[in-house]
Amino acid sequence: MKSTFAQIILPLNLKGTFTYKVPAELAEKIEIGMRVLVPFGGKKIYTGIVFDLHDQEPDTFAPKEIINLLDDFPILPKEQISFWDWLSKYYLCNIGEIYRFAFPSSLKLESETYLKLKPGVTIDFQNLDVNEMYLIQALEVRQLINLTEIEAFIPKKEIVKTIKSLIDLQYIEVDEKIAEKYKAKEIAFLKINEEEVSSKSLAQILLLLKKAPKQQELFLLLLEQHTEDPEKTIKKSDIFEDGNFAHSQLKSLMEKNLVLEYYLQKDRLQTYEGEIEDLDSLTDAQLEAKTEIDKAFEEGKNVLLHGVTSSGKTHLYLDKIEETIEAGKNVLFLLPEIAITKQIVQRLEKKYGKQLGFYHQKLTDFERVEVWRRVRNNDLKILIGTRNALFLPYQNLGLIVVDEEHDSAYKPREVSPFFNAKDASQVLAKMYGANVILGSATPSVESYYLAKKEKLAYVFLGERFGKVKLPEFELINFKEEQDSKKIIGNFSLKLIEEIKKEVDRKKQTMILHNRRGYANVVECESCGYVNYCSNCDVVMTYHKFSNEMKCHYCGQKASKPNACPKCNSENLNVRGVGVEQIHEEMVKIFPEAEVDRMDVDSMRKKFAYEKLYEKLEDGETDILVGTQMISKGLDFENIELVAIPRADSMLYVQDFRAEERAFQLITQVSGRAGRISGEGKVLIQTYNPEHSVFQLIKENDPSKIYKHFLEERKKFLYPPFVKLIMIELKHRKEDKVNRASQFLGSILHKYLPPECILGPEKSPIGKLNLMYQYQILLKLPRGKNYSEYKNLILKSFEEFEEITAYQSIKKLIFVDF
DNA sequence: GCCCCAATCGAA
DNA sequence: TCGATTGGGGCG
């Protein structure tokens, strides 16, 4: 079936898709999901994606022609196209924005697109115009040329026309092998050549090396490591690290065929190091959970796996992953951030080797393209990755695991398009007919609710692996301790006593304080002046360690004033406790102990995290003070006490999820305590020990605390009982954005019931990065009406956009805010 | 989103 | 006065 027109997705933040004409010579080959080159605007050429093919001639404009196809086969599976379509509709964003996010940039080259002469053509220069001649001549000199370079000798407006006509004449073509130019970074390893070595006796070999003692030494070192553990890899660079051996010695050994060199891809490096433990068989509790998961999958339901810390969720994931692979399907394992989860990677690596891939935000574009290609060729069976791994061109997806599903990193607010990877993964799975496991020790309230409503199958693992006891919680009434003067700084004597006990018996203690810097505010005692960020409507935080003031929102730095810039008084006071202050106090109270700090500021240096991790592992660190960073990935046997000296600071945040977050954070850090011994203890210091959240955490009964959260959400109309859509308007001029938000509010009032609309009002942070921000919060009822309301919102936006004066206003929409 | 063009701004 | 910045419109 030949179609004459195509709807093309362009990598631009513009509404909808664009209509192009399919030239007759491409009509046979073009398919949905292929990349195409198309002109757009005066002079630009973009790589677009075929979204749809049809025969409906547009009547309001004359479509341009597609220049060429970039693929022989659709690069994007139809499941992904439906997924993109769903995302753009659900999250009210443009499909082009999703395309930009989903594709590695070298797969959607614009001006970097390369042209070359068709091999073996004879060119009839008589019939070429001057631009065409220039281009041909340039290509004769240098085989490949890109669009930016063409701009140097052809007028911008003529570029597209010139290329098109030369392609039509079959003189030139687009270089289609772009992706194949990339090679993933590889690292050299060494191994003993077993064939050669086993054919001779050791004495023979040593005789051979008699005159080269250094070679002999190196050979014996490699042989020793090999016999010790044949599975263990030997990195080439490690051999030369201490300067004991020279490259020439290794070269000679390789020439004698005793040692071989081989290469492995860099990003799978850590997986080849260290021991690989065999999995224990599933415990009774795990077996029961597994049966429940199987049953849910049979019924076509996704699973919420609620397993308390160290209950062995990973074990169950592995089990299902292996089953999926054996059934010939692919697996996606999603993590909130790319922190290597050794346990799972090692196991999968051992079993699936080269069929395991990684995909995350830290890869270079080369590496991304490489993974892309291998997924498309179905060479990779398992992908471990962050939210952007949802967009790989899976051929046969069978299972998606979303680990730590409650984590807010699955929907960062800073990068567009805004979507929640946890929810999106379930839609993607539906497109492929795949199953989903959402796993967490502290599920989000939304997922818990869906499980209670039986939209998700709820599988609970209530006991730690090996029946190890869960940590005990104790509340310390800081008010009382303060009144009876039994405190030092932010610590009660009681808490200090407990930490001291741990230090004395060489156990490690974790102290959580989730606030960066030293102090929130530097304030002048005489005139009350506080230091605001010049770009944002936010006070700057004092960082004592680096001795500067930082804005945590825009990153701006300033030096700390010695005197008040307003009244010159030197009476500057600090207020609000940051993690640096907690760290400082611990150092003072425990001068002999090794006290370390872990937060984004102290971990900025290269390898800072690795170094501290080693210190913790080796037991050198006695007390670790940190922000939420310490709640993830630090599983050490020797930690038995977790302390939270200022627990209240987590609750008094303007956010309806504050209590949920506090519960999740406290539970996650508490999971670090007593993983093996079962002697874990968590001390929560608070002014409000009666606060329901602390009481419920202390009780440690998940069903009760979720019941509490759900009641609160219901009472104050928050998710999951309503759908939230946050609209944020931004502009450099405050009066303009204020008027615009009033106007948009009035349009919305025309279409939506008044109780659904909150605002417009100034955002909690009224100015960010020199942009003033106003917001409108929509609380919409769930169910049938929701999609109807959403259409009305779209209609409101259209009306709003008709006002030309408001077009310069940036509009951000957060669905499921 | 990016480009073009016109209008406006601001330092000489 | 001129060059630099900002706003608005269009793109298939």
Side-chain angles (χ1 to χ4, degrees), chain A residues 3-23 26-27 30 32 34-69 84 87-88 91-105 107-113 146-148 150-152 154-161 163-164 414-418 729-737 739-740 743 769-772 797-813:
Chain A
S3 303
T4 39
F5 297 98
Q7 292 307 120
I8 305 296
I9 307 168
L10 292 179
L12 300 171
N13 191 3
L14 288 173
K15 211 152 109 193
T17 55
F18 293 82
T19 312
Y20 283 85
K21 219 169 145 185
V22 181
L26 300 181
I30 195 164
I32 291 174
M34 283 181 175
R35 291 178 303 158
V36 290
L37 274 193
V38 291
F40 188 78
K43 57 154 211 177
K44 283 221 106 181
I45 293 181
Y46 289 100
T47 306
I49 305 270
V50 182
F51 178 75
D52 194 18
L53 292 166
H54 60 87
D55 289 307
Q56 264 179 299
E57 180 152 20
D59 44 15
T60 52
F61 57 89
K64 292 185 179 167
E65 273 195 4
I66 292 170
I67 298 175
N68 207 357
L69 300 179
W84 291 16
L87 280 173
S88 70
Y91 289 105
L92 306 174
C93 63
N94 295 317
I95 199 159
E97 223 180 329
I98 294 168
Y99 172 32
R100 283 166 73 91
F101 182 82
F103 261 56
S105 38
L107 289 180
K108 51 175 157 61
L109 299 178
E110 307 167 13
S111 309
E112 292 294 306
T113 306
N146 74 29
L147 298 188
T148 331
I150 296 172
E151 278 182 27
I154 297 182
K156 288 183 177 182
K157 282 184 180 158
E158 312 279 327
I159 291 178
V160 172
K161 202 180 118 239
I163 294 172
K164 181 83 181 79
E414 297 75 30
V415 268
S416 71
F418 307 105
L729 300 180
K730 299 173 136 219
H731 197 272
R732 290 177 84 95
K733 297 205 175 88
E734 180 162 21
D735 64 319
K736 190 162 182 170
V737 62
R739 269 184 287 122
F743 179 62
N769 257 324
L770 299 171
M771 302 277 262
Y772 288 91
F797 289 156
E798 268 167 38
E799 272 181 48
F800 176 77
E801 274 149 26
E802 276 168 26
I803 309 296
T804 52
Y806 292 154
Q807 280 180 10
S808 58
I809 286 178
K810 229 177 142 71
K811 186 163 92 267
L812 304 175
I813 304 156

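Proteins get letters first, then strands, A, B, ... in listed order; numbering begins at 1 in each.
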If I take atom [atom1] in residue [X] and atom [atom2] in nucleotide [N], what distance separates them, rounded to the nearest angstrom?
X      : N      : atom1 : atom2 : answer
A:L12  : B:dC3  : CG    : C1'   : 11 Å
A:K64  : C:dG10 : NZ    : C1'   : 11 Å
A:Y46  : B:dC3  : OH    : C1'   : 8 Å
A:E57  : C:dG12 : CD    : P     : 16 Å
A:I67  : C:dG12 : CD1   : P     : 12 Å
A:K810 : C:dG8  : NZ    : P     : 16 Å
A:L812 : B:dG1  : CG    : P     : 10 Å
A:R732 : B:dC9  : CZ    : P     : 15 Å

key: Aromatic-base stack, A:F18 on C:dG12, cutoff 5.5 Å, angle under 30   = no
request  = Just compare C:dG12, C:dG8, B:dC2 and give me whichever is closest to any side-chain atom of A:R100.
outcome  = B:dC2
message = Just to be sure I understand the rule, does A:K15 reach a base, reach only the sugar-phosphate, or reach nothing, if contact means heavy atoms closer than 4.0 Å?
response = nothing
query = When all nucleic acid strands are considered with a 4.0 Å heavy-atom cut-off, which category describes A:F40: base, sugar-phosphate, or nothing?
reply = base
query = So, A:K811 and A:E801, do they make that salt bridge, N to O below 4.0 Å?
reply = yes
task = Salt-bridge test for A:K15 and A:E798: reply yes if a basic N is under 4.0 Å from a carboxylate O, no otherwise.
result = yes
[X] side chain N/O closer than 4.0 Å to the phosphate oxygens (OP1, OP2) of [N]?
X      : N      : result
A:Q807 : C:dG7  : no
A:K44  : C:dG12 : no
A:T804 : C:dG8  : no

key: Donor-acceptor contact below 3.5 Å, side chain A:N68 vs main chain A:L37   = no
key: Rounded distance (nearest 0.5 Å) linking atom CZ of A:R100 with atom CG of A:L10   = 11.0 Å
inquiry  = Is it the case that over 12 heavy atoms from other parts of the model lie below 6.0 angstrom from the NZ atom of A:K736?
reply    = yes
